[in-house]
Amino acid sequence: MTDQYFQDRARKLPLLIDLGYDPYGQRFDGVQPNSDLRHEAERRGFEPGQSDESSVVRAAGRIVLQRIMGKLAFLTLRDSSADIQIGVSKARVSERDWKLVKLLDLGDILGVDGHLGRTKTNEITIWAQSLTILGKSLRPPPEKWHGLKDVDARYRQRYVDLFSNPEVMRTFRARSTIVDSIRSYMRQRGFLEVETPMLQPIYGGAAARPFTTHHNTLDMDLFLRISPELYLKRLLVGGMERVFEINRNFRNEGISTQHNPEFTMMECYQAYGDLTDMMSIVEGIATRCIEALDGEPKRKFREYDLDFTPPWPRRTYNELLVEHAGVDLDDSDGIRAKAAEFGIDAPAADVAVVANKLFEKTVEDGLIQPCFVTEYPAAICPLTRRKPDDPSRALRFEAFAAGMELGNAYTELNDPVIQRQTLGAQLDGEGDATMRVMDEDFITSLEYGMPPAGGLGIGVDRLVMLLTNSPSIRDVILFPLQRPLDKG
RNA sequence: GGCCUUGUAGCUCAAUCGGCAGAGCCGCCGGCUUUUAACCGGCAGGUUGCAGGUUCGAAUCCUGCCGGGGCCA
């Protein structure tokens, strides 16, 4: 029967209770992480067979391996930092604890007090003095050597993935390190962390379709934000000169190795700054994160060897388009002809929209080494200031690595009259994917006066992918969106 | 949405041309005081994702559906 495993484990619950154990444990103070204990053992230089009988250490974790001999048992205990071996000798623990050992299963959560040392075979080991069961596992864990491989199961039951695949745990610990690093870097540069609405009556700041929802009491439709941009700029108007936000955006679009419907963005605005400050922040964040991880600026990602050492190359949009598509931005007929060649079927679309499709198709995949693409066509950048000596170009860059867009930055448009014009304009062919949604209150805020500013968004998930060599965004999001298994 | 691919025991995987569904881990019973995926002996474990079809015979071929992965839009 399929729940044979469950039954075999469940029948041990009353046996544990009879022995006086609570199968689900109690507060357990003073646990030292396994990696700390391992380091301590190394630092103290135990000889094979030696242990420190004069002091007691405390560990806790999940049993991932067990080797039980007649009167001696070795257990491997895993916590989020490392694995460590527990040695239990029948002669050196209570009769009760020895009975406990024989009732333990792989997957149980166990606490141990004991003496740190090494075995004769030189394995760092805690020789148990006493054992405490902290959480009985009623379900069998995945195969002890291969872990959980089934991708579907890994995402649906991330908790199993985390405890059975240590590299997954390492990735998510690295993610936390990266987010910490971004936060400390921004604060160090004088930015104030803020939180702006996720539920917005008008969405804007990016070109994407939104999720919609409804507030019952106010009887109003709301959108989950696709970007915090228009709110963060209001804060510039309010006098917060440097603000940033690390939070989720929601875009009601396709799912791929680079897209999840909810994803994390670091977005920041710096009054009196411009694009060059934002480039410095992108490079600075990448460098700070790498320092916090392992210090290695040359990193593998998929089949690529990436070098994050600043400064990253700067290339203009047009020179890349000429190089890869063989056509100049200002050559409208050439753009349309080339687009047709590449199978882009958009005869009615505005030439800037067509050019951008052509750029995405011919250029982006080839941007492997970290770099900045500058001077975007102004027509597709309604929130960006124009280049003073060439109003057909916008003071915008995108950061790329491994063919992925990593960040997007502007010298911000702060002229309310022009802003009203660009948001009111509509390019043919933009369809749903437009950021031209008129937000009157945003315009009003600009009319009060917004300082000139640089603004930047960095895709945190993608940064984590790049720095942890994770090929799919689902590998760096703990609970990626999955279709439910139960069919209605 | 289109194309390709995939689903076999709790887990990891086999099953030659369409010919008896198998192994390891895990579990249960027994043995074992220095193991390292411990080991040794024995036992148990299946609606081959679901529903149809072709066939003497289907995990295998065909159709549809469900779930996953990849590429494209």
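Below, chain A is the first sequence line, B the second, and so on; all start at residue 1. Atom set for the values below is all heavy atoms of this structure, side chains included, hydrogens, waters and symmetry mates excluded. Note that this is a predicted model, so its numbers are computed, not measured.
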Counting distance alone, no hydrogens or angles: does the base of rU35(B) have a donor or acceptor under 3.5 Å from a partner atom on the side chain of E123(A)? no

By centroid distance (under 5.5 Å) and plane angle (under 30°), are Y5(A) and rG10(B) in a stacked arrangement?
-> no

Practice problem: Using a cut-off of strictly less than 4.0 Å, decide whether R474(A) has a side-chain nitrogen or oxygen near OP1 or OP2 of rG70(B). | Solution: yes

Exercise for review: Remember a base hit wins even if backbone is also touched, and classify G87(A) as base, sugar-phosphate or nothing at under 4.0 Å, heavy atoms.
Suggested key: nothing

**Request:** Determine the contact category for R118(A): base if any of its heavy atoms lies under 4.0 Å from a base atom, sugar-phosphate if only primed atoms, P, OP1 or OP2 are that close, otherwise nothing.
**Result:** nothing

### Message
Looking at R43(A) and D36(A), is there a salt bridge between them, counting it only when a charged N and a carboxylate O are closer than 4.0 Å?
### Response
no

Should Q482(A) be listed as having a side-chain N or O under 4.0 Å from OP1 or OP2 of rG69(B)? yes

Of the listed rA37(B), rG27(B), rG67(B), the closest approach to the D152(A) side chain comes from rG67(B)

Practice item. Name the nucleic acid region contacted by A153(A), choosing base, sugar-phosphate or nothing; use a 4.0 angstrom heavy-atom cut-off, strictly under. Key: nothing

Across the strands shown, which category fits K120(A) at heavy-atom distances under 4.0 angstrom: base, sugar-phosphate, nothing? base

With a non-hydrogen cut-off below 4.0 angstrom, is K357(A) in contact with a base, only sugar-phosphate, or nothing?
nothing

Regarding rC56(B), purine or pyrimidine glycosidic angle vs 90° from 0 gives anti

If you look at every strand shown and take non-hydrogen atoms under 4.0 Å, does W98(A) touch a base, only sugar-phosphate, or nothing? nothing

| Quick check: does any side chain N or O of D79(A) sit under 3.5 Å from a backbone N or O of N34(A), one acting as donor and the other as acceptor? | yes

Atom CD1 of I68(A) and atom P of rC26(B) are separated, to the nearest Å, by 11 Å

> In terms of side-chain heavy atoms, does Y317(A) have a donor or acceptor partner in N356(A) at a distance below 3.5 Å?
Replying inline: yes

Is the Lys NZ or Arg CZ of R314(A) less than 6.0 Å from the centre of F372(A)'s six-membered ring, within 45° of the axis? no

| message | Just N and O in the side chain of R483(A): are any of them under 4.0 Å from OP1 or OP2 of rG67(B)? | response | yes

ask   = How would you label the contact of L148(A) with the nucleic acid (heavy atoms, under 4.0 Å): base, sugar-phosphate, or nothing?
value = sugar-phosphate

Between CH2 of W145(A) and P of rU12(B) the distance, given in whole Å, is 16 Å

Separation of rU35(B) atom P from Q85(A) atom CD, nearest Å, is 10 Å

Note to self: Whether R67(A) contacts rC39(B) is assessed here as follows: a side-chain N or O lying under 4.0 Å from the phosphate OP1 or OP2. Is that the case?
What the structure shows: no

Margin query: Please tell me if K144(A) has a side-chain N or O lying less than 4.0 Å from either OP1 or OP2 of rU12(B).
Written below: no

Heavy-atom closest pair (T257(A) atom, P471(A) atom, distance to 0.1 Å) is CB-O, 4.0 Å

Does T76(A) reach a base, just sugar-phosphate, or nothing at all? Heavy atoms under 4.0 Å. nothing

When rounded to whole Å, the CG to C1' distance for the pair D105(A) and rC28(B) reads 11 Å

Exercise. Under 4.0 Å: is that the gap between some side-chain N or O of K12(A) and OP1 or OP2 of rC28(B)?
Worked result: yes

Side-chain contact check for P140(A): nearest option of rA73(B), rG10(B), rU33(B) is rG10(B)

Whole-Å distance, E143(A) CD to rA9(B) C1', equals 13 Å

Rounded to whole Å, CG of L104(A) lies from P of rG27(B) at a distance of 11 Å

Report task. Please state whether the phosphate of rC11(B), meaning OP1 or OP2, lies under 4.0 angstrom from any side-chain nitrogen or oxygen of Q4(A). Result -> no

So do the side chains of F263(A) and R248(A) get within less than 4.5 Å of each other, counting heavy atoms only?
no

Checking Y376(A) against N318(A): is there a side-chain donor and acceptor pair closer than 3.5 Å? no

message = Counting the atoms with a prime plus P, OP1 and OP2 as sugar-phosphate, which does R11(A) contact under 4.0 Å by heavy atoms, base, sugar-phosphate, or nothing?
response = sugar-phosphate

Checking rA73(B), rU35(B), rC26(B) against the side chain of L106(A) (C-beta onward), the nearest is rC26(B)

When rounded to whole Å, the CZ to P distance for the pair F342(A) and rC72(B) reads 15 Å

As its Watson-Crick or G-U partner within any shown strand, both distances under 3.5 Å, rG46(B) has none

For rC3(B), the nucleotide meeting Watson-Crick or G-U wobble distances (both under 3.5 Å) is rG70(B)

query = Is the F211(A) to F223(A) ring centre distance short of 6.0 Å?
reply = no

Between CD of Q66(A) and C1' of rC28(B) the distance, given in whole Å, is 13 Å

Note: for K361(A) and P142(A) on RNA chain B, the residue whose nearest nucleotide lies more 5' is P142(A)

Testing rG68(B), rU35(B), rC71(B) for proximity to the side chain of T125(A), the answer is rU35(B)

Out of rU33(B), rC71(B), rU12(B), minimum distance to the side chain of H146(A) belongs to rU12(B)

